[in-house]
S.K.: 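Dumping the structure here so I can ask a few things about it.
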Amino acid sequence: MVMTNFLQKRKTVRDYKSNALDAVTLKEVRDILAQVEAQENSEVLNFAFFENGKIIADGLEGKAGYGGVMIHAPHYISLEVNSTDEAELVRTGYFLEKVNTALVEKDLGTCWITVDQVDDATKRNLFGEGGENVQYLIGFGIPQGKKLFSKETSTPRLTLDKFVFKNHFDTPATPEELEQLGLMDLFSSVRFAPSHMNSQPWRFLLNDAKVTLYMLRSDWDHRSLVDIGVIMYYVEEMLASMGNTAKWELIDEADKDGMKAVARITI
Ligand SMILES: Cc1cc2nc3c(=O)[nH]c(=O)nc-3n(C[C@H](O)[C@H](O)[C@H](O)COP(=O)(O)O)c2cc1C
């Protein structure tokens with residue numbers, strides 16, 4: 001996949017055709033979930049597939065969605081996270097976005113839906129035993145009316161000088177420096193990664209061949225850690241498309257200029 005184009009064009013879809021996807025596509029979605037589950041090798045993350053989306057959408061009406069209105073998709077995937085460990089929250093973002101990307105590659109529209117604010121009784125009723133641990137859903141289906149990659153609804157993003165720095169947080173990396181390091185395409189693309197409320201809590205600090213991912217200490221919460229997992233996934237995918245198989249390592253270091261270090265990768 002050409003990640004650069006993919007990221008710049010992907011958009012959250014909130015209006016879906018109500019009809020169910022055909023059996024072949026649904027089987028492909030199940031296969032994607034099985035593949036990602038096998039790769040993630042985690043006992044605390046569990047996907048579930050809800051084929052009858054109407055039950056889920058009706059049950060969450062007024063409790064989740066966008067601006068108080070539930071997003072009605074024909075199908076949903078839930079991710080149950082049985083831990084509040086920081087690393088698991090990062091993995092939540094990483095693996096759910098991996099699934100999300102695979103669905104978008106099949107020309108499906110998708111939307112993350114946060115349900116961590118929904119009461120436990122509602123979640124157990126909708127998602128079954130352990131349902132109170134479901135914190136996120138991905139709704140998916142055929143986009144209604146407009147094209148999947150429609151241009152007119154793009155959500156603004158931070159410019160590179162606001163989130164990519166060299167050696168110190170008061171020196172934004174220049175376009176020339178990024179070009180020299182071969183990272184211009186990467187950062188120009190990952191800036192389009194999705195985040196809850198489009199909060200974009202990530203900051204990158206370049207130091208020689210190392211890139212350290214930080215988060216504003218003031219943004220340090222469960223939701224932002226999930227966003228961080230999303231962008232970590234895209235950075236790895238972008239590097240892989242450039243022939244670099246480097247992987248992030250989570251780190252625990254003292255804060256720097258009000259920033260909390262989360263992970264480091266060598267490029
Ligand atoms: C972890 C996470 C949670 C999100 N939760 C919701 C949500 O509850 N409702 C919603 O409408 N969009 C949700 N979104 C989608 C974001 O609002 C959207 O990605 C962001 O505004 C950027 O817009 P775009 O995806 O169209 O580029 C979520 C995204 C992420 C990554």
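Values below: all heavy atoms of this structure, side chains included; hydrogens, waters and symmetry mates excluded. First listed ligand is number 1; within each ligand, the first listed atom is number 1.
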S.K.: May I ask you to identify, for S195, whether its side chain, its backbone, both or neither come under 4.0 Å of ligand 1 on a heavy-atom basis?
M.R.: backbone

S.K.: Could you see which bit of R157 sits under 4.0 Å from ligand 1, with heavy atoms only: side chain, backbone, both or neither?
M.R.: side chain

S.K.: Answer side chain, backbone, both or neither: which part of R14 comes under 4.0 Å from ligand 1, heavy atoms only.
M.R.: side chain

S.K.: Only heavy atoms of R10, strictly under 4.0 Å: list the atoms of ligand 1 that pass.
M.R.: 25 (O), 27 (O)

S.K.: Does NZ or CZ of R14 fall inside the cone over Y66's six-membered ring, less than 6.0 Å from its centre and within 45° of the axis?
M.R.: yes

S.K.: Can you list the ligand 1 atoms lying under 4.0 Å from a non-hydrogen atom of I113?
M.R.: 7 (C), 8 (O)

S.K.: Could you tell me whether a side-chain N or O of E37 sits under 3.5 Å from a main-chain N or O of F47, the two making a donor and an acceptor?
M.R.: yes

S.K.: I'd like to check which ligand 1 atoms, numbered from 1 as shown, lie under 4.0 Å from a non-hydrogen atom of G65.
M.R.: 7 (C), 8 (O), 9 (N), 10 (C), 11 (O)

S.K.: With side chain to side chain donor-acceptor pair (under 3.5 Å) as the test, would you mind laying out the steps for T110 and N100 before giving the verdict?
M.R.: CA-CA 7 Å; T110 71; N100 204 0; 2.5 Å; yes

S.K.: Under 30°, 30 to 60°, or over 60°: which ring-plane class applies to F169 and Y214, parallel, tilted or perpendicular?
M.R.: perpendicular

S.K.: Between E86 and R91, is there a side-chain N and carboxylate O pair less than 4.0 Å apart?
M.R.: no

S.K.: Below a 4.0 angstrom heavy-atom separation, can you tell me which part of T155, side chain or backbone, both or neither, approaches ligand 1?
M.R.: side chain

S.K.: Looking only at non-hydrogen atoms, which of Y66, W112, Y136 approaches atom 13 (C) of ligand 1 most closely?
M.R.: W112

S.K.: Of the choices D227, V69, T114, L89, which has the non-hydrogen atom that lies closest to atom 5 (N) of ligand 1?
M.R.: T114

S.K.: Could you tell me whether the side chains of T114 and D116 share a donor-acceptor contact shorter than 3.5 Å?
M.R.: no

S.K.: Using 30° and 60° as the class limits, which term best fits the ring planes of H75 and F140: parallel, tilted or perpendicular?
M.R.: tilted

